[in-house]
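Because the structure is a prediction, the values reported are computed rather than measured.
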Amino acid sequence: MDENTNQSELEIKARQWLTERGVTLDDIAELVYYLQSKYHDDLSMEDCLHNVDRVLTKREVQNAVLTGIQLDVLAEKKMLEQPLQKTIDLDESLYGVDEIIALSIVNVYGSIGFTNYGYIDKQKPGILKRLNDKSTGECHTFLDDIVGAIAAAASSRLAHASADDKMIDD
């Protein structure tokens, strides 16, 4: 554990890898705002960022982030065996393992996350549009789903906290 922040090595690495892959917590908070602003008149980006931050403290989320990013990096480096290499490179529509990893994140805060995730996965606003741009030469087959799932989980956490009039795991 980091003495100053109580972050585990796993959490520190997950946050670091997100940043290294070009995803900031603010990017994810913007997705939360996109999902929740119409339901909360006084929603601030600070509230969204707080909920993203809390989601990233969950070990299940950290494991999903590290696993997905590692697979994307290996695919980018062409280090996977065929036919998996081609499948991940193309982000083939019938390959659902990337969504399954994302669903492990979505599930952390209950079933409302599934709806949030499905919606944002189809809309692809903000950072998700960039992560889905195949012209960059980068592979984000897993990361785009993971980022959407973190936003969906943070939105779910926010919705639960609002309904209960308190934060649920602070």
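Judged purely by distance below 3.5 Å, without hydrogens or angles, the side chains of E20 and Q16 pair a donor atom with an acceptor atom. There is a side-chain donor-acceptor pair under 3.5 Å between D145 and Y117. Between the side chains of T136 and D133, no donor-acceptor pair of N or O atoms lies under 3.5 Å.
A 6.0 Å sphere centred on NZ of K129 holds no more than 12 heavy atoms belonging to other residues, nucleotides or ligands.
For R130 and D144, the salt-bridge test fails: no basic side-chain N is under 4.0 Å from an acidic carboxylate O. Ion pairing of E11 with R15 is present here, as a side-chain N (NZ or NE/NH1/NH2) and a carboxylate O approach within less than 4.0 Å.
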Yes or no on salt bridge (Lys or Arg N to Asp or Glu O under 4.0 Å) for D89 and K78, after CA distance, side-chain angles and deciding distance?
CA-CA 9 Å; D89 275 342; K78 309 294 186 214; 3.1 Å; yes
Stepwise side-chain contact (heavy atoms from CB on, under 4.5 Å) check, N116 with S156
CA-CA 8 Å; N116 286 324; S156 299; 3.4 Å; yes
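By the 30° and 60° cut-offs, the orientation of the rings of F142 relative to Y95 is perpendicular.
Taken together through direct or relayed side-chain contacts under 4.5 Å among Ile, Leu, Val, Met, Phe, Trp and Tyr, Y119 and Y33 form part of one hydrophobic cluster. One hydrophobic cluster, built from ILVMFWY side chains closer than 4.5 Å, holds both M45 and I127. Under the 4.5 Å side-chain contact rule for hydrophobic residues, M79 and L143 share a cluster. Linking ILVMFWY residues whenever their side-chain heavy atoms come closer than 4.5 Å, directly or via other members, places I88 and L66 in the same cluster. A continuous path of ILVMFWY side-chain contacts below 4.5 Å connects V73 to L80, so both sit in one hydrophobic cluster.
Looking only at side-chain heavy atoms (C-beta outward), V147 and L131 come within less than 4.5 Å of each other.
Panel note: side chain D53, backbone L49; no donor-acceptor pair is recorded below 3.5 Å. Panel note: side chain Q36, backbone L158; no donor-acceptor pair is recorded below 3.5 Å. The backbone N or O of V108 sits nowhere less than 3.5 Å from a side-chain atom of E60 that would complete a donor-acceptor pair. For H140 (side chain) and D72 (main-chain N/O), no donor-acceptor pair under 3.5 Å exists by modelled atom type.
Screening V106, L10, V55, I146 for a side-chain contact (heavy atoms from CB on, under 4.5 Å) involving V61 leaves a single residue, V55.
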